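Just so it is clear, the structure is predicted and the values come from calculations on it, not from any experiment. Atoms within each ligand, like the ligands themselves, are counted from 1 in listed order.
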Amino acid sequence: MSAQRKAEKRAGSELVKIPRAKYIFITGGVVSSLGKGITSASLALLLKSRGYKVATLKADPYLNVDPGTMNPFQHGEVYVTDDGAETDLDLGHYERFTDISMSKLNNVTSGQIYEQVIENEREGRYLGGTVQVIPHVTDEIIRNICNLAKHPPRPDIVITEVGGTVGDIESLPFFEAFRQFSLRAGRRNVLFIHVTLLPYISAADEVKTKPTQHSVNKLREIGLQPDIIVCRTEVPVDEDVRNKIALFCNVGPKDVIEARTVKTIYQIPLTLEKDGLANSVLKKLRLKDKPVDLSDWGDRVDAIHRPEQEVRLAVCGKYVGLKDAYKSISEAFIHAGAAHRTRVNVDWVEAEDVQKLGPDKIFEGVHGILVPGGFGNRGIEGKIAAVRYAREQGIPYFGICLGLQIAVIEFARNAAGMRTANSTEFRTTKTPVIDLMPGQRNIHRKGGTMRLGSWACHLQRGTKAFEAYGTELIHERHRHRYEFNNRYKERLEEKGMVFAGMNPDTELVEMIELKNHPWFVGCQFHPELKSRLTNPHPLFYRFVEAAVRHAAENGGLGDMVNDGDVSDASSSDGRDKTKKTAEA
Ligand code: GLN
């Protein structure tokens with residue numbers, strides 16, 4: 001036993017064996033929202049494209065057990081995995097970039113770590129010791145990294161990204177755990193990448209390196225020396241700046257990587273590849289570099305940059321004031337748009353504004369309306385008015401989760417004469433067309449208790465759903481409590497609603513559509529979670545297609561002059577109508 005391990009054992013550390021793999025830790029400095037998630041996802045893609053098995057872990061320092069109980073205004077979207085974990089939205093980037101399905105092993109929070117440590121203590125597993133951040137909390141963090149590294153197919157490379165910024169009190173145990181980890185795994189098997197910001201001062205026409213220097217100093221204080229520094233910048237980084245960062249931060253000039261702001265996040269892997277990030281990582285980890293083919297990816301990025309036409313879609317929800325709340329939906333539009341070489345402009349419409357101003361005014365000139373997932377009463381009647389408008393005007397409609405439930409309520413009320421139709425989530429009613437299933441009635445705890453994760457769905461032939469997927473059996477991810485109430489199925493069917501998708505085991509309704517409408521589709525699951533740049537989700541693909549058709553028929557299809565002026569989640573003036581409120 002080495003002196004190091006003896007010392008750790010004396011300190012009460014229960015050592016976990018570090019699996020053989022290479023480990024990359026990605027930290028952030030200077031400010032938050034630097035795009036660490038995109039950097040991690042891009043690096044994972046570059047390594048995977050070279051044939052390496054890669055796993056990605058997001059470590060979140062907050063004390064919530066998972067983001068499932070957080071207000072979307074606080075945290076943005078909750079990304080749900082196949083195995084039903086409610087996770088950080090960075091896992092969405094990991095999946096979209098690498099096309100590897102994530103699971104609960106890919107996200108850990110301080111809440112989970114402390115929950116486990118306290119449970120161990122209550123079980124008496126610490127044998128009378130004093131339970132401390134070092135070594136007990138840090139051990140638990142290390143164990144989580146190892147669990148992912150051991151999981152089949154055993155990865156060659158594990159990338160761990162820690163949320164927040166160096167210097168945050170709550171992320172300290174993670175940094176300390178990474179330091180210990182690098183000692184145990186052997187320094188040659190571990191690599192640290194630090195993502196920072198180079199602010200541009202226009203008066204001096206200079207980018208400033210001082211915040212990066214301070215940030216690296218902060219890392220050194222806790223015993224971490226970055227091997228590579230990724231610099232977010234608005235302007236090109238010249239040789240002098242690189243050399244300066246290299247000198248003060250103790251890295252090679254080639255290890256200062258420029259990550260200049262680009263028009264679409266999907267360009268970032270290409271930019272990082274050009275600047276030699278993957279090559280440098282592999283060299284430092286003593287792994288072989290291999291040829292890489294990113295041509296499919298590049299073609300899609302080109303389609304984003306140079307669309308041939310444009311359409312306008314409206315997303316009508318209640319969290320529209322925060323772009324991140326509907327992250328996967330915006331991305332799914334970009335994927336579908338690229339596949340159709342169409343720029344999808346999105347009006348983000350606050351549902352309450354539809355109530356106040358009326359649908360004619362709000363949706364004038366839009367070629368498709370989407371009502372996304374959501375919880376609680378606020379804005380519901382506005383969403384119902386939006387669905388009615390889409391149904392009556394023959395505008396393509398796509399309802400996701402709550403958007404399906406709203407479509408059912410609207411149809412029951414206005415097409416099937418059930419005036420009191422409602423969901424019991426919003427009020428008690430004589431006509432609960434959307435209701436809790438018996439299994440949900442006695443649940444009082446909020447965390448992790450919804451219908452979550454991947455469920456099977458059987459599609460009826462001859463429906464738009466079947467046409468989109470081209471297969472009868474699909475699996476999609478869920479996150480909701482309420483369901484369609486099968487008592488009303490026949491009455492709605494008589495009026496022209498089609499129950500296009502059913503869960504084969506429980507007879508729960510998963511998809512609805514309308515006859516006599518160009519494209520009106522609702523799904524109880526969240527298809528946006530499974531859309532990829534190189535493999536857009538079939539429902540988004542068809543929705544955009546229907547919107548293009550609608551625009552062409554109504555003389556509203558815009559031709560593009562290709563000046564390359566495109567940005568992610570393009571948003572037209574509808575966003576300005578939105579306002580941010582604290583209420584969820
Ligand atoms: N609030 C609805 C439910 O719980 C819908 C949830 C959602 O849209 N994700 O069933």
Side-chain angles (χ1 to χ4, degrees), residues 66-73 75-82 84-87 89 92 315-320 322 324-330 332 351 369-384 386-387 397-410 412 421-429 432-455 457 476-486 488 501 503 506 508-512 521-531 537 539 583-584:
D66 62 44
T69 54
M70 275 190 231
N71 182 329
F73 280 130
H75 181 272
E77 163 185 284
V78 173
Y79 192 78
V80 182
T81 57
D82 281 334
E86 296 175 276
T87 72
L89 52 75
V315 174
C316 176
K318 67 187 275 200
Y319 314 114
V320 291
L322 182 74
D324 274 356
Y326 302 111
K327 191 77 202 150
S328 293
I329 289 178
S330 323
I369 297 174
L370 185 151
V371 173
F375 296 84
N377 223 343
R378 183 169 68 78
I380 289 300
E381 294 303 323
K383 291 178 195 173
I384 292 175
V387 176
Y397 174 76
F398 190 8
I400 294 181
C401 204
L402 181 67
L404 170 144
Q405 299 175 356
I406 296 287
V408 168
I409 296 169
E410 192 281 321
N422 217 322
S423 162
T424 50
E425 181 178 3
F426 312 132
R427 62 185 316 145
T428 37
T429 165
V433 287
I434 305 293
D435 199 4
L436 281 182
M437 290 291 97
Q440 278 283 344
R441 286 191 211 281
N442 295 318
I443 292 177
H444 300 294
R445 270 168 80 101
K446 292 277 184 260
T449 55
M450 287 188 247
R451 172 145 87 111
L452 288 166
S454 186
W455 287 65
C457 168
E476 293 280 7
R477 299 181 195 168
H478 291 247
R479 181 174 185 254
H480 57 100
R481 273 182 220 289
Y482 292 82
E483 306 281 352
F484 176 78
N485 185 342
N486 280 343
Y488 297 94
N503 177 266
T506 59
L508 290 173
V509 168
E510 306 284 20
M511 291 194 74
I512 59 129
V521 174
C523 51
Q524 190 55 77
F525 46 79
H526 287 273
E528 69 275 21
L529 303 174
K530 286 174 75 169
S531 186
H537 193 281
L539 293 177
E583 188 200 345

Numbering as shown, the atoms of ligand 1 that approach His526 to under 4.0 Å (heavy-atom distance): 9 (N)
Taking atom 4 (O) of ligand 1 as the reference point, the nearest protein heavy atom with its distance: Arg481 N, 3.0 Å
Heavy atom of the protein closest to atom 5 (C) of ligand 1 (residue, atom name, distance): Gly374 O, 3.3 Å
Glu86 and Arg479 ion-paired at < 4.0 Å: yes
Distance-only N or O hit between ligand 1 and Phe375, under 3.5 Å: no
Tyr482: numbered ligand 1 atoms lying under 4.0 Å from its heavy atoms: 3 (C), 4 (O), 10 (O)
Atom indices of ligand 1 within 4.0 angstrom of Glu425 heavy atoms, with elements: 1 (N), 2 (C), 3 (C)
Closest approach of any protein heavy atom to atom 7 (C) of ligand 1, naming residue and atom: Cys401 SG, 2.9 Å
Closest protein heavy atom to atom 9 (N) of ligand 1, given as residue, atom name and distance to 0.1 Å: Arg479 O, 2.8 Å
Test of proximity, Leu402 against ligand 1: N or O pairs below 3.5 Å: yes
Test item: side-chain donor near acceptor, His537 and Glu476, under 3.5 Å: yes
Heavy-atom gap Arg451 to ligand 1 smaller than 4.0 Å: no
